[in-house]
Every structure is written in C-alpha cells, then in structure tokens.
Amino acid sequence: MPQLILANSERIAAIVDDYKPVGTDADFPDVLADLDVDVDELPDDVVEYGRVRVGETEESRTRLLAELEDMIYEKGDVTPHRMDEKFLLRFLRARHFKLNASYKLFVNYYRFRENHPDYYTINPLDLSFIADSEVLSVLPYKEQTGRRILIYKLGNWDTNEFDISEILKASLATLELGILEPIAQILGGVVIFDMNGFTLQHAYQITPKVVSTIFDLIVVCRFLIAFTLVGEKNK
C-alpha cells in the first residue's frame, strides 16, 4: 500500500525530483509494481464475494457505470479530474453498487479535495519521517481473507517533531494508493489503532478543527470495511 512510498522513498527519488500533483494511477510506477493493480482476473472467491456482498456482476457493473457517469454530468455538482471506468468503479464498489450512495460518495470525495487542496499537493519524500517513526505502517502481508492491514501506533508520535496534520496527510496518501488494488476495492481493509502510549499530550493536539478534518476524511475513505481497536491501559 502507499506506505511503500513512505518507507522506500529512495526508490522513487527520481520520480519525485520533478514532483507535481498527479491524477492517474500510472503516476507512481515503482509503487504500483508492489501493488496488485494489474490483476487480469480476480480470484474466484473475491468475485463471489463481490457478487454476494457487494452486488457486482457484469450486468450491474456495465449498467451502473453508465448511469453514474450520466448522473455526474447531469447534476454537475463537482468538476472531476477523472471520469474513466476504472476510477468510477471504486465508488460503486465502495457503496455496494447503489447508484445514489455512490454518487454521494463521489461528490464528498471531490468536495474534500476542494476544501483541502494541501492534501493533494504532497511530495511523498516529505512524508518519509512518518514511516520512520512507525506511527503509520502497512503490514507486508494480508489477513486471512485477503485484506490489507494498516496499523496506527499513536504512542510513537512525538508531538514535538510533527503535528497531526502530517499524520492525516500520510493516511490519505496511503489510502489513495491502497484503493488502486481491485481486490481492496471489493474486500476493503483492516485498520488497527494501537493506543499503547497515547497520552494527554497527544490528545491535546486533537483540536475541534482537526476533528472536523478527520470526519471529512472518514467520509471519503470509507472503503475500509473492517476496523479493529487494540491497546492496553498505561500502567
């Protein structure tokens, strides 16, 4: 997942030397090489999960992609930077092929982009310290059902070194790249919050403005369908 950019930033140094905001999946070729984005055929169990739990069939995919595209153009609520089928399919899968819900997610996604442009003009090299601190990481393996696992160890966060906005930006970069995987679009992912070492000093950084941004971020990143909270009380 996107943590590959953060943890292996030297691999993409040549790419980001002339960094500019990007809008297509192919803008991170080295990262994509480590992601399952070029799956010609999804595993049978994933296809079956998509059919039963997500409502994805060849017929529903073809019909609803066309209907979603028409709705976006007809309503004109946002100005998207992409309208290809691969991109639109993410929103349909995230909302179990329900047209109105998929459209609402699409609009919320672009409103977040409009309200937080600084989250989409990030040089990945500038976020490498997040990986080094191990506040946010993606495990190199998947859980038993095939989902990616994202772990937050907030007790590792040194508030004197960086603020929570940097963690949120790294989170969005991670999720944006993770959702490039078709399997992740169908199965979702797992987020684990390890609260060991989380103190009042950390809590003081979470202002009302930060809470508002977090809620906005959750709205546009709700393709993650499994959440687990773990941790022990400080002794």
Side-chain angles (χ1 to χ4, degrees), residues 1-2 4 21-29 31-117 119-120 142 145-148 150 171-191 216-227:
M1 286 182 72
L4 295 169
V22 296
T24 65
D25 296 351
D27 286 303
F28 293 105
V31 177
L32 298 186
D34 292 316
L35 296 173
D36 298 327
V37 297
D38 294 322
V39 179
D40 293 329
E41 292 187 10
L42 292 168
D44 291 341
D45 59 327
V46 176
V47 172
E48 181 64 10
Y49 183 95
R51 184 185 69 82
V52 174
R53 301 291 295 274
V54 182
E56 179 173 355
T57 63
E58 185 175 349
E59 185 277 331
S60 66
R61 186 168 56 245
T62 301
R63 175 173 54 85
L64 287 167
L65 278 171
E67 291 181 7
L68 179 58
E69 181 178 359
D70 289 343
M71 181 177 285
I72 293 169
Y73 283 128
E74 288 172 4
K75 290 183 175 291
D77 291 322
V78 292
T79 303
H81 72 301
R82 292 182 61 179
M83 283 291 289
D84 55 279
E85 291 187 353
K86 183 190 297 185
F87 183 66
L88 296 182
L89 187 56
R90 302 178 197 174
F91 297 91
L92 290 171
R93 285 171 168 167
R95 289 298 177 267
H96 292 199
F97 282 77
K98 294 178 174 63
L99 179 61
N100 289 331
S102 299
Y103 176 75
K104 183 177 180 180
L105 178 62
F106 186 86
V107 171
N108 287 338
Y109 173 81
Y110 274 99
R111 285 181 176 161
F112 183 88
R113 289 180 65 107
E114 293 170 0
N115 294 333
H116 304 277
Y119 278 60
Y120 289 89
K142 301 178 181 180
T145 65
R147 295 179 174 93
R148 294 283 188 183
L150 176 67
S171 299
L172 181 60
T174 299
L175 295 175
E176 283 277 8
L177 281 171
I179 201 59
L180 296 180
E181 293 186 314
I183 291 176
Q185 295 169 19
I186 295 173
L187 297 181
V190 177
V191 178
D216 289 345
L217 191 57
I218 290 173
V219 168
V220 301
C221 295
R222 284 178 60 192
F223 74 91
L224 294 168
I225 61 175
F227 293 85

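In this structure, D216 and N115 have side chains that are not in contact, with every pair of non-hydrogen atoms separated by 4.5 Å or more. Looking at E56 and V47, their side chains never come closer than 4.5 Å, going by heavy atoms from C-beta outward. I183 has its side chain within reach of P43: a pair of non-hydrogen atoms, C-beta onward, lies under 4.5 Å apart. Looking at heavy atoms from C-beta onward, Y103 lies in side-chain contact with K75 at the 4.5 angstrom threshold.
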Would you please test I72 and L88 for side chain to side chain contact (heavy atoms under 4.5 Å, CB included) and show each step?
CA-CA 10 Å; I72 293 169; L88 296 182; 3.8 Å; yes

Decide yes or no on side chain to side chain contact (heavy atoms under 4.5 Å, CB included) for F87 and H81, but give the supporting numbers first.
CA-CA 10 Å; F87 183 66; H81 72 301; 4.0 Å; yes

Verdict with reasoning, V190 to K142, per side chain to side chain contact (heavy atoms under 4.5 Å, CB included)
CA-CA 9 Å; V190 177; K142 301 178 181 180; over 6 Å; no

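Note that the NE2 atom of H96 and the OG atom of S102 stand 9.5 Å from one another [nearest 0.5 Å]. The CZ atom of R53 lies 10.0 Å from the CG atom of L187; values are rounded to the nearest 0.5 Å. Distance CG/D70 to CG/L64: 11.0 Å, rounded to 0.5 Å. To the nearest 0.5 angstrom, L177 atom CG is 11.0 Å from R148 atom CZ.
In this structure a side-chain-to-backbone donor-acceptor pair under 3.5 Å is present from S60 to G55. Between the side chain of R147 and the backbone N or O of G188, no donor-acceptor pair lies under 3.5 Å.
With sequence neighbours excluded, the residues forming a ring-ring contact (aromatic ring centres under 6.0 Å, His included) with Y109 are F91, listed by chain and number. Residues passing the salt bridge (charged side-chain N to carboxylate O under 4.0 Å, His left out) test with E59, sequence neighbours excluded: R63.
Using a 4.0 Å cut-off between a side-chain N of Lys or Arg and a carboxylate O of Asp or Glu, E114 and R111 do not qualify as a salt bridge.
Residues Y110 and D77 bring no donor and acceptor atom of their side chains to less than 3.5 Å of each other.
The minimum heavy-atom distance between Y49 and I186, with the atom names listed, is CE2-O, 3.6 Å. Annotation for L89 and L65: closest pair N-CD2, 3.8 Å, computed over non-hydrogen atoms. In this structure, R95 and L105 approach most closely via the heavy-atom pair NH2-CD1, 3.6 Å. Nearest heavy-atom pair, R61 versus F97, reported as atom, atom and distance to 0.1 Å: CA-CE2, 3.7 Å. Contact record, L180 with Q185: O-NE2, 3.7 Å, taken as the closest heavy-atom pair. Nearest heavy-atom pair, L42 versus P182, reported as atom, atom and distance to 0.1 Å: CD2-CB, 3.9 Å.
Within 6.0 Å of atom CD in E85, 12 or fewer heavy atoms from other residues, nucleotides or ligands are found, so the atom counts as exposed in its surroundings.
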